[in-house]
Amino acid sequence: MSHTIHHLRKLRLQRSELAVPGSNPDMISKAADGAADYIFLDIEDAVAPPDKERARKNIIEALNQIDWRARGKTISVRINGLDTHYMYRDVVDVMEQAGDRLDTILVPKVGVPADLYMVEAMVNQIETAKGFKTRVGLEGLIETALGMANVEAIAAYGGRLEALHFGVADYAASCKARTVSIGGLNPDYPGDQWHAALSRMTVACRAYGLRAIDGPFGDFSDPEAYIAAARRAAALGIEGKWAIHPTQIALANEVFSPPEKEVNRARRIIEMLREAEEQGKGAAALDGKMIDAASERMARNVLVMHDAIQQSTQPRPGLPN
């Protein structure tokens, strides 16, 4: 390994990420009792301009009235973009009125590291002024050509940044790509036209200790296509995917959960390598295949995810009233 190592900044179970418009209180209530690991309450694209102020108030009420942590949820708010006049009120109102009940802020259309710096500076000041003991993390959406061109620098930002998400719809629009649907494949392209972008973002995340999350798949009437997209993402090392409809939650949870067979094999790899180590060997054989230190690192990745899933069934401490 290089002498420079960026360890994972924050472990959060994020197999399924449900997008919930802040303009719909009923959907917010249902999300709290659903099976998604992670929920973001949206003030951005899912909310029309005339409804943004009301959506912001709904979100603040939901953060204060629902004990998301006791339900085992990571709760986030997607603010409006830095190029809008809504953004500063999103950060100020949500943080001042409910910042101690929030896990992360999802920043859309991050193009340069300074975009994160602006949000972080505001969050720092509000947390200090309010005396909040919790620390709200930041997550960035890579969904423009500019963001992808700068993705390594964005991932290296540090600070409160925990994860990057791939926003395929706006990314397609930014690149002027021809696509059949949000996250869908163009039959004229020989393969997956999102592969290069997803792979680049994932490498940047892993290099700098961030979680890598895949974005939405628009056709919620086609579960098989959603599963296929999720599997392609998982194969790259991505650990979760958005759900824009409740029916997609179970699909994401299944794809991004290591199956029992894989967990058992991971344990056997570690056991076999411990036995080999006691015999003075650096490698071993398992089921006719060579395993070594790299195999152990891959096995431990599986077990870390498995343990996180098991722990998710234990509710986190509730929020103070």
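Along the sequence shown, residues carry numbers from 1. Hydrogens, waters and symmetry mates play no part in the numbers below; they use all other heavy atoms, side chains included.
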Heavy atoms of Ser257 and Arg15 approach each other most closely as OG-NH1, 2.7 Å
For Tyr226, the ring pair (Phe, Tyr, Trp, His ring centres under 6.0 Å) test, sequence neighbours excluded, returns none
Gly22 and Asn58 have their tightest heavy-atom pair at O-ND2, 3.0 Å
Residues at least two apart in sequence or cross-chain that pass salt bridge (Lys or Arg N to Asp or Glu O under 4.0 Å) with Arg274, listed by chain then number, are Glu277, Glu296
Interatomic distance, CZ@Arg211 vs NE2@His165, rounded to 0.5 Å, equals 7.0 Å
By side chain to side chain contact (heavy atoms under 4.5 Å, CB included), Thr84 pairs with (sequence neighbours left out) Asn80, Tyr86, Met87
Distance col, row Lys289:NZ vs Ile269:CD1, nearest 0.5 angstrom, shows 9.5 Å
Residues passing the salt bridge (Lys or Arg N to Asp or Glu O under 4.0 Å) test with Asp219, sequence neighbours excluded, are none
### Query
Can you find a pair of side-chain heavy atoms, one from Ile79 and one from Val119, that are under 4.5 Å apart?
yes
Interatomic distance, CD@Glu224 vs CG@Leu251, rounded to 0.5 Å, equals 8.5 Å
Between Glu120 and Arg160 (side chain of the first, backbone of the second, donor and acceptor by atom type, cut-off under 3.5 Å), is there such a pair? yes
### Message
Is it the case that the side chain of Glu152 and the backbone of Ala204 share a donor-acceptor pair, with hydrogens and angles ignored and the cut-off at 3.5 Å?
### Response
no
For Met290, the other hydrophobic cluster members (4.5 Å side-chain criterion, sorted by chain and number) are none
Rounding to 0.5 Å, atoms CD (Gln14) and CG (Asp214) come to a distance of 11.5 Å
With a 3.5 Å distance limit and no angle check, can you tell me whether Arg206 reaches the backbone of Leu210 through a side-chain donor-acceptor pair? yes
Checklist entry - For atom CD of Gln279, is the number of surrounding heavy atoms from other residues, nucleotides or ligands below 6.0 Å larger than 12? => result yes
Is the backbone N or O of Gly184 less than 3.5 Å from a side-chain atom of Trp194, with the two atoms forming a donor-acceptor pair by type? yes
_Keeping Asp170 on the side-chain end and Thr144 on the backbone end, is there a donor-acceptor pair under 3.5 Å?_
no
Separation between CG (Asn253) and NZ (Lys241), nearest 0.5 Å, reads 13.5 Å
Checklist line | Glu239 with Arg12: basic N within carboxylate O range, under 4.0 Å | finding: no
Salt bridge (charged side-chain N to carboxylate O under 4.0 Å, His left out) with Asp42: of Lys52, Arg78, Arg56, only one passes, and it is Arg78
| query | Sub-3.5 Å donor-acceptor pair from the side chain of Asp93 to the main-chain atoms of Ile60, do we have one? | reply | no
| query | Taking everything shown except Glu254 itself, do over 12 heavy atoms lie less than 6.0 Å from its CD? | reply | no
Contact check, side chains of Thr74 and Asp37, non-hydrogen atoms, under 4.5 Å: no
Heavy-atom nearest pair, Leu102 first then Ile75, reads CD1-O, 3.7 Å
For Phe166 and Pro216, the nearest pair of non-hydrogen atoms, with its separation, is O-CD, 4.2 Å
Students should find that the hydrophobic cluster of Ile213, defined by side-chain heavy atoms under 4.5 Å apart, otherwise consists of Tyr38, Phe40, Leu106, Leu141, Trp242
For Ile238 and Ala212, the nearest pair of non-hydrogen atoms, with its separation, is CG2-O, 3.3 Å
Leu82 versus Val107: any side-chain heavy-atom pair under 4.5 Å?
yes
Please determine if Asp287 and Arg268 form a salt bridge, counting it only when a charged side-chain N lies under 4.0 Å from a carboxylate O.
yes
Check your understanding: Got a salt bridge between Glu61 and Lys57, using NZ or NE/NH1/NH2 to carboxylate O under 4.0 Å?
Key -> no
Of all heavy-atom pairs linking Val136 and Glu127, the shortest is N-OE2, 2.9 Å
Exercise. Is it the case that Asp100 and Thr134 place a side-chain donor and acceptor less than 3.5 Å from each other?
Worked result: no
So NE2 of His195 and CG of Leu185: to nearest 0.5 Å the spacing works out to 12.5 Å
| Pair Arg178 + Asp188, salt bridge at N-O below 4.0 Å | no
Does any N or O in the side chain of Asp103 come within less than 3.5 Å of the main-chain N or O of Ser76, such that one atom is a donor and the other an acceptor? no
Tested for side chain to side chain contact (heavy atoms under 4.5 Å, CB included) against Ile105, the lone hit among Glu139, Met122, Met95 is Met95
Any donor-acceptor pair under 3.5 Å linking the side chain of Asn150 with the backbone of Leu146? yes
Between the main-chain N or O of Ala36 and the side-chain N or O of Lys73, is there a donor-acceptor pair closer than 3.5 Å? yes
